[in-house]
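Working notes for the structure below.
Each ligand, and each atom within it, is numbered from 1 in the order the structure gives. Since we're looking at a predicted model, the values are computed, not measured.
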Amino acid sequence: MIFESHAHYDDEAFDEDRKELLISLKEYGIDKVVNVGASLRSCEITLQLMKEYPFIYGAMGVHPSETAELNEEKFIWLRKQCACDKVVAVGEIGLDYHWKEPEEAVQKLWFERQMELAREVDLPVIIHSREAAKDTLDMMKTLRAGEIGGVVHCYSYTKELAREYLNMDYYFGIGGVITFKNSKKLKEAVEYIPLEKILLETDSPYLAPEPYRGRRNSSLNLPSVAQAVAELKGVTYEEVVETTYRNACGLFRIPE
Ligand code: NI
């Protein structure tokens with residue numbers, strides 16, 4: 001059975017067929033899903049999805065590009081939701097310099113606040129870091145992120161940087177990008193990262209693997225990600241599926 005560690009089934013891309021799709025996941029071997037909050041609205045929908053579907057767990061957090069919506073009052077609301085049953089992480093949080101809004105100082109402020117929140121409520125974090133490698137790592141070191149634990153989602157940096165995250169005992173979310181022809185740097189990183197620190201993810205509806213690149217992604221595409229990881233690591237497909245399942249249950253403290 002496959003553990004989907006990062007999806008956004010609250011996204012409007014699933015409005016037409018959300019229920020049919022989610023109900024069908026089990027028969028395709030997708031056993032557990034973490035639906036990841038990216039805005040306050042998506043956190044609200046995640047809470048509903050968790051109630052409706054026994055196999056869906058949730059992460060509560062605001063994506064760096066959405067942090068302009070946060071204020072003290074909304075942050076209190078976010079903290080409260082972290083205590084809900086089946087909330088397994090704070091995320092996705094971090095820095096995204098690909099998009100220039102909001103300004104870096106705002107992104108950094110709420111990254112730090114949400115890291116502190118994770119420490120306070122004793123949950124691991126789901127990190128989003130895009131074109132912000134140095135600042136993300138510097139902040140995580142300063143905030144002693146290793147004590148909090150978590151996963152760097154959609155890992156996109158080098159093997160050298162992977163070593164830094166391994167030193168903090170972090171996991172690495174690997175998704176459809178691993179199947180892209182131009183992902184040489186990521187393939188090198190995945191060869192280097194121990195299988196015991198890898199989680200499978202899709203980031204649905206984004207980042208569909210080849211040959212579906214550019215189309216709507218869903219957890220049904222996870223087998224091709226697992227297959228690509230298996231080939232790079234020189235292990236069987238089954239070993240990738242079983243190990244990453246165990247990894248995710250361990251990180252998110254979900255009984256297997
Ligand atoms: Ni995401």
Side-chain angles (χ1 to χ4, degrees), residues 2-15 18 21-22 25 30 32-47 49-50 56-70 78 81-82 87-99 101-102 107 110-111 114-115 117-118 123-133 136 140 150-157 165 170-180 183 186 198-209 212-222 225 244 248 251-252:
I2 295 178
F3 195 122
E4 157 74 280
S5 67
H6 194 118
H8 301 282
Y9 284 116
D10 52 279
D11 194 281
E12 60 184 12
F14 298 106
D15 282 355
R18 182 174 292 107
L21 176 63
L22 290 175
L25 291 183
I30 316 300
K32 289 181 172 57
V33 174
V34 175
N35 201 77
V36 181
S39 63
L40 295 167
R41 178 71 190 131
S42 77
C43 288
E44 277 174 13
I45 306 174
T46 299
L47 292 164
L49 291 173
M50 281 166 23
I56 295 188
Y57 297 80
M60 293 291 118
V62 175
H63 182 289
S65 303
E66 303 289 337
T67 45
E69 70 171 338
L70 280 168
L78 193 65
Q81 309 320 310
C82 289
V87 169
V88 295
V90 171
E92 56 186 286
I93 63 173
L95 300 173
D96 192 323
Y97 296 168
H98 179 78
W99 307 110
E101 299 284 324
Q107 295 191 29
W110 292 109
F111 182 29
Q114 292 183 93
M115 286 293 287
L117 171 62
L123 288 174
V125 288
I126 298 174
I127 302 287
H128 171 105
S129 177
R130 188 174 183 196
E131 296 173 27
T136 307
M140 286 175 69
V151 54
V152 184
H153 127 77
C154 192
Y155 187 72
S156 62
Y157 297 135
Y165 286 112
Y170 267 60
Y171 290 83
F172 298 78
I174 303 299
V177 177
I178 196 71
T179 66
F180 297 174
S183 66
L186 176 62
I198 288 176
L199 306 185
L200 299 181
E201 66 164 61
T202 57
D203 205 20
S204 296
Y206 310 107
L207 297 173
Y212 307 111
R213 195 171 174 178
R215 311 227 318 244
R216 184 185 79 169
N217 200 4
S218 84
S219 309
L220 300 178
N221 291 326
L222 279 171
V225 175
T244 54
L251 174 64
F252 297 123

Donor-acceptor pair, side chain of Arg216 and main chain of Ser204, under 3.5 angstrom: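 Judged by distance alone, no pair lies under 3.5 Å.
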Ring geometry between Tyr165 and Tyr170 (parallel below 30°, tilted from 30 to 60°, perpendicular above 60°):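 Rings of Tyr170 and Tyr165: tilted, as their planes differ by 30° to 60°.
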Considering only N, O or S atoms of Asp203, the one closest to the Ni ion (ligand 1):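 The atom in question is OD1.
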With the Ni ion (ligand 1) as the apex, the NE2/OE2 angle for His8 and Glu92 - to 10°: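 Centred on the Ni ion (ligand 1), the NE2/OE2 angle is 90° (to 10°).
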Donor on one side chain, acceptor on other, Tyr157 and Thr136, under 3.5 Å: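 Their side chains do not contain a donor-acceptor pair, so the 3.5 Å distance test is not met.
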Residue pair Ile2, Thr244: steps toward the side-chain contact (heavy atoms from CB on, under 4.5 Å) verdict: CA-CA 8 Å; Ile2 295 178; Thr244 54; over 6 Å; no
N/O/S from His6 sitting under 2.8 Å away from the Ni ion (ligand 1):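 Coordinating: yes.
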N/O/S atom of Cys154 inside 2.8 Å of the Ni ion (ligand 1), strictly under: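 No, since none of the N, O or S atoms of Cys154 sits under 2.8 Å from the Ni ion (ligand 1).
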